[in-house]
Amino acid sequence: MTADEADVLADRSDGTVLGYGAVVAKAHPPPRPGRGAPARRDDRAGGEHSDGDVELTVRLGIAAHPCLTGILLPPIGAARGVPQPRRLPGGRLATLWPRGTPVSPDAPDAVPWEAAGVLLARLHAVRPGDLAGDLPAPVPAMRGPAKAARAMRRLRSARGAGEGAATGTASPGSLAPELAAAADAVETAWALLPPWCRDEAPPPASRAGSLCHGDFHLGQLISHPRCGGSWLLIDVDDLGLGDPAWDLARPAAWYASGLLDPADWERFLGAYRHTAGEHCRDPWPLLDAPARTLTAQTAALGIVKAHAAGRPLDEAESACVEACVRMAHVDTTSTTRTISTGGRETNT
């Protein structure tokens with residue numbers, strides 16, 4: 001395969017994805033150290049046995065496991081056991097996947113919200129103990145909080161503030177005034193979050209034991225003939241043990257920010273609860289903190305993108321920033337923290 005023959009499906013800091021016929025190749029991001037741990041020397045040098053290799057191999061093994069059939073798209077080679085990632089020049093790891101059909105951005109009425117809810121409920125119902133004997137190492141932690149923290153680091157880098165922004169000692173840097181004000185609101189909202197959501201502490205034990213996707217959004221769904229055209233979850237980079245509410249939090253944040261139609265939210269949540277057998281009337285006590293975290297993460301990345309493009313915030317980015325403004329201005333002595341308008345509230 002040559003570069004001229006491949007379709008570039010995505011090229012971001014968190015991975016490069018190329019399509020070639022019926023195959024998708026993904027170059028994964030360089031391994032990053034976990035919370036509070038320095039980078040291992042073999043990680044930085046692209047060693048053959050780094051923690052990044054092991055964790056990605058475990059995640060491939062989960063996607064290939066029979067317990068995940070019909071839930072996660074299996075990698076190419078899954079029928080022969082746990083596939084091994086391939087080392088690329090420069091140290092990045094690559095994996096191969098069947099090419100499917102993604103959700104169309106041009107057909108909002110056809111978004112498979114019910115299927116998404118069912119898939120996440122089925123994923124969360126998989127017992128990690130049923131996988132352990134077939135994996136080369138323990139299931140790693142879900143990396144959703146780490147991804148949110150990286151978004152905040154990117155925001156601080158964009159404003160030329162470094163880590164000083166966390167203490168309020170840094171200058172706004174090169175951000176345009178509108179974006180600098182938005183960044184201030186995001187920082188304040190971020191500071192109100194529980195430490196575990198900021199990847200500064202382990203999650204509570206009650207929130208740490210379920211198999212989670214870690215980065216669910218509509219781009220993580222494809223249909224594939226292998227499963228009769230049914231929808232499947234893709235992208236295992238952040239897969240691991242954690243809080244199931246995290247996987248519901250991005251749609252919840254969209255809904256609470258006014259970006260997701262209430263009927264679509266109900267389709268998604270209703271399908272999830274029906275499949276999971278969850279009869280709790282009010283999901284927000286568990287969703288609140290992750291939803292606020294995903295709101296701050298999305299707003300932070302929106303500011304970074306707007307700054308890089310030299311443009312103002314678009315409508316969706318502005319809605320997330322406005323939600324952060326409401327989060328930041330709430331009375332922190334209250335038990336209710338509103339991130340939404342129109343009576344949609346998240347409660348802690």
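Numbers here are sequence positions counted from 1. Note that the structure is a prediction, hence the values are computed from the model and not measured.
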Q: So, H213 and D238: side-chain donor and acceptor under 3.5 Å apart, yes or no?
A: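 H213 vs D238: no donor-acceptor pair found between side chains.
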Q: Taking it one step at a time, do V24 and R99 satisfy side-chain contact (heavy atoms from CB on, under 4.5 Å)?
A: CA-CA 5 Å; V24 166; R99 189 170 187 173; 3.7 Å; yes
Q: Flag the pair L259 / C320 as yes when at least one side-chain heavy-atom distance between them is below 4.5 Å, and no otherwise.
A: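 L259 vs C320: side chains touch.
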Q: Which pair of non-hydrogen atoms, one from M327 and one from A189, has the smallest distance, and what is that distance?
A: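 Answer, listing the atom of M327 first, then A189: CE-CB, 3.7 Å.
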Q: Check whether any side-chain N or O of T295 sits under 3.5 Å from a backbone N or O of A291 as a donor-acceptor pair, and report yes or no.
A: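 Side chain of T295 to backbone of A291, a donor-acceptor pair under 3.5 Å: yes, one is there.
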Q: How long is the gap from CG on L179 to OG on S174, to the nearest 0.5 Å?
A: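 Result: 9.5 Å between the selected atoms.
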Q: Is there side-chain contact between I76 and P83, with heavy atoms separated by less than 4.5 Å?
A: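 With C-beta onward as the side chain, the pair stays apart.
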Q: Have a look at K147 and tell me which of D199, D237, D215 forms a salt bridge (charged side-chain N to carboxylate O under 4.0 Å, His left out) with it.
A: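 With K147 as partner, D199, D237, D215 yield a single salt bridge (charged side-chain N to carboxylate O under 4.0 Å, His left out), made by D215.
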Q: Can you list every pair that meets salt bridge (Lys or Arg N to Asp or Glu O under 4.0 Å) and has a residue in residues 60-76, with sequence neighbours left out?
A: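 Residue pairs passing salt bridge (Lys or Arg N to Asp or Glu O under 4.0 Å), neighbours aside: none found.
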Q: Say whether, by atom type as modelled, one donor and one acceptor occur between the side chain of R87 and the main chain of L93 under 3.5 angstrom.
A: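 Between the backbone of L93 and the side chain of R87 there is no qualifying donor-acceptor contact (under 3.5 Å).
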Q: State whether a side-chain donor-acceptor pair under 3.5 Å links H28 with T95.
A: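 Short answer, yes.
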Q: Looking at every non-hydrogen atom in both residues, tell me the closest pair between G214 and M142 and how far apart they are.
A: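 Closest pair (atom of G214, atom of M142, distance): CA-CG, 3.4 Å.
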Q: Applying side chain to side chain donor-acceptor pair (under 3.5 Å), can you list everything that pairs with D235, at least two apart in sequence or on another chain?
A: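 Checked D235 against side chain to side chain donor-acceptor pair (under 3.5 Å); matches are K26, Q220.
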Q: How far does CZ of R150 sit from CG of L155, to the nearest 0.5 angstrom?
A: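 It comes to 15.0 Å.
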Q: For R86, what residues pass the salt bridge (Lys or Arg N to Asp or Glu O under 4.0 Å) criterion, not counting sequence neighbours?
A: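 Residues passing salt bridge (Lys or Arg N to Asp or Glu O under 4.0 Å) with R86: none at all.
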Q: If you look at every heavy atom in R159 and A183, which pair is closest and at what distance?
A: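 Residues R159 and A183, closest heavy atoms: NH1-CB, 3.5 Å.
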Q: Which value, rounded to the nearest 0.5 Å, describes the distance between R292 atom CZ and L287 atom CG?
A: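 Going from the CZ atom of R292 to the CG atom of L287 covers 11.5 Å.
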Q: Apply the test side-chain contact (heavy atoms from CB on, under 4.5 Å) to residues I234 and L221: give CA-CA distance (whole Å), side-chain angles for both, the deciding distance (0.1 Å), then the verdict.
A: CA-CA 6 Å; I234 62 171; L221 292 169; over 6 Å; no
Q: Which residue pairs pass the salt bridge (Lys or Arg N to Asp or Glu O under 4.0 Å) test when at least one of the two sits in residues 303-316, sequence neighbours left out?
A: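 Non-adjacent pairs meeting salt bridge (Lys or Arg N to Asp or Glu O under 4.0 Å): R311-E317.
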Q: Report whether L72 and L135 are members of the same hydrophobic cluster (ILVMFWY, side-chain heavy atoms less than 4.5 Å apart, transitive linking).
A: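 They do share one cluster, since a chain of ILVMFWY contacts under 4.5 Å joins L72 to L135.
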Q: Stepwise, does the side-chain contact (heavy atoms from CB on, under 4.5 Å) test hold for Q297 with R250?
A: CA-CA 10 Å; Q297 174 183 327; R250 185 175 272 111; 3.3 Å; yes
Q: Does some side-chain heavy atom of Y272 sit less than 4.5 Å from a side-chain heavy atom of E114?
A: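 Result no, sub-4.5 Å side-chain heavy-atom pair not found.
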Q: Should V111 and L119 be counted in the same cluster of Ile, Leu, Val, Met, Phe, Trp and Tyr side chains packed under 4.5 Å apart?
A: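 In one cluster with V111: L119, yes.
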Q: State, with a plain yes or no, whether a side-chain heavy atom of S223 is found less than 4.5 Å away from one of T101.
A: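 Yes, their side chains come closer than 4.5 Å.
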Q: Is there a side-chain contact between V58 and P136 in this structure, where contact means two heavy atoms from C-beta onward sitting under 4.5 Å apart?
A: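 Yes, side chains in contact.
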Q: With R122, which residues qualify under salt bridge (Lys or Arg N to Asp or Glu O under 4.0 Å), at least two apart?
A: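 Checked R122 against salt bridge (Lys or Arg N to Asp or Glu O under 4.0 Å); zero matches.
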Q: What's the spacing between D130 CG and H65 NE2 if we round to 0.5 Å?
A: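 So the gap between those two atoms works out to 7.5 Å.
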Q: Side-chain contact, heavy-atom cut-off 4.5 Å: V186 with I303?
A: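 With C-beta onward as the side chain, the pair touches.
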Q: Can you confirm whether W190 sits close enough to C197 that some side-chain heavy atom of one is under 4.5 Å from a side-chain heavy atom of the other?
A: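 Side-chain contact under 4.5 Å: no.
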Q: What about L248 and L218, same hydrophobic cluster or not, with Ile/Leu/Val/Met/Phe/Trp/Tyr joined at side-chain heavy-atom distances under 4.5 Å?
A: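 They do share one cluster, since a chain of ILVMFWY contacts under 4.5 Å joins L248 to L218.
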Q: Looking only at heavy atoms, what is the nearest atom pair of V126 and C67, with distance?
A: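 So the minimum-distance heavy-atom pair works out to CG2-O, 4.0 Å.
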Q: Of all the heavy-atom pairs spanning L313 and A182, show the shortest one and how long it is.
A: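 In terms of heavy atoms, the two residues are closest at CD1-CB, 4.2 Å.
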Q: Over all heavy atoms of both residues, which pair between D247 and P251 is shortest? Give the atoms and the distance, please.
A: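 Distance-wise, the nearest heavy atoms are O-CD, 4.2 Å.
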Q: Do you know which of L68, L123, L73, I222 makes side-chain contact (heavy atoms from CB on, under 4.5 Å) with L233?
A: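 The residue from L68, L123, L73, I222 that satisfies side-chain contact (heavy atoms from CB on, under 4.5 Å) with L233 turns out to be L123.
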Q: When you group the ILVMFWY residues by side-chain heavy-atom contacts below 4.5 Å and let the links chain together, are V118 and L269 in the same group?
A: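 Per the 4.5 Å side-chain linkage, L269 and V118 are not co-clustered.
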Q: Could you state the interatomic distance from SG (C324) to CG (D184), rounded to the nearest 0.5 Å?
A: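 If I round to the nearest 0.5 Å, the distance is 12.0 Å.
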Q: Quick one, D7 and Y20 - any side-chain contact, counting heavy atoms below 4.5 Å?
A: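 The answer is no, as the side chains (C-beta and beyond) never meet within the 4.5 Å cut-off.
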Q: Quick one: pull up CZ in F216 and CH2 in W246 and give me the separation to the nearest 0.5 Å.
A: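 Here the interatomic distance stands at 15.5 Å.
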Q: Using the ring of each side chain (for Trp, its six-membered ring), is F268 parallel, tilted or perpendicular to W113, with breaks at 30° and 60°?
A: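 Correct class here is perpendicular.
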Q: Please answer whether the main-chain N or O of C212 pairs with a side-chain N or O of S210 as donor and acceptor at a distance below 3.5 Å.
A: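 No; judged by distance alone, with no hydrogens or angles, the pair does not exist.
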Q: Checking I62 against L131 for the side-chain contact (heavy atoms from CB on, under 4.5 Å) test, could you report, in this order, the C-alpha distance in whole Å, the side-chain angles of both residues, the deciding distance, and whether it holds?
A: CA-CA 7 Å; I62 295 172; L131 310 175; 4.2 Å; yes
Q: Taking ring pair (Phe, Tyr, Trp, His ring centres under 6.0 Å) as the definition, give me every residue that meets it alongside H307, ordered by chain and number, with sequence neighbours left out.
A: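 Per chain and number, H307 pairs via ring pair (Phe, Tyr, Trp, His ring centres under 6.0 Å) with no residue.
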Q: Quick check: is I71 connected to L241 through a chain of hydrophobic side chains (ILVMFWY, heavy atoms under 4.5 Å apart)?
A: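 Yes, one cluster joins them.
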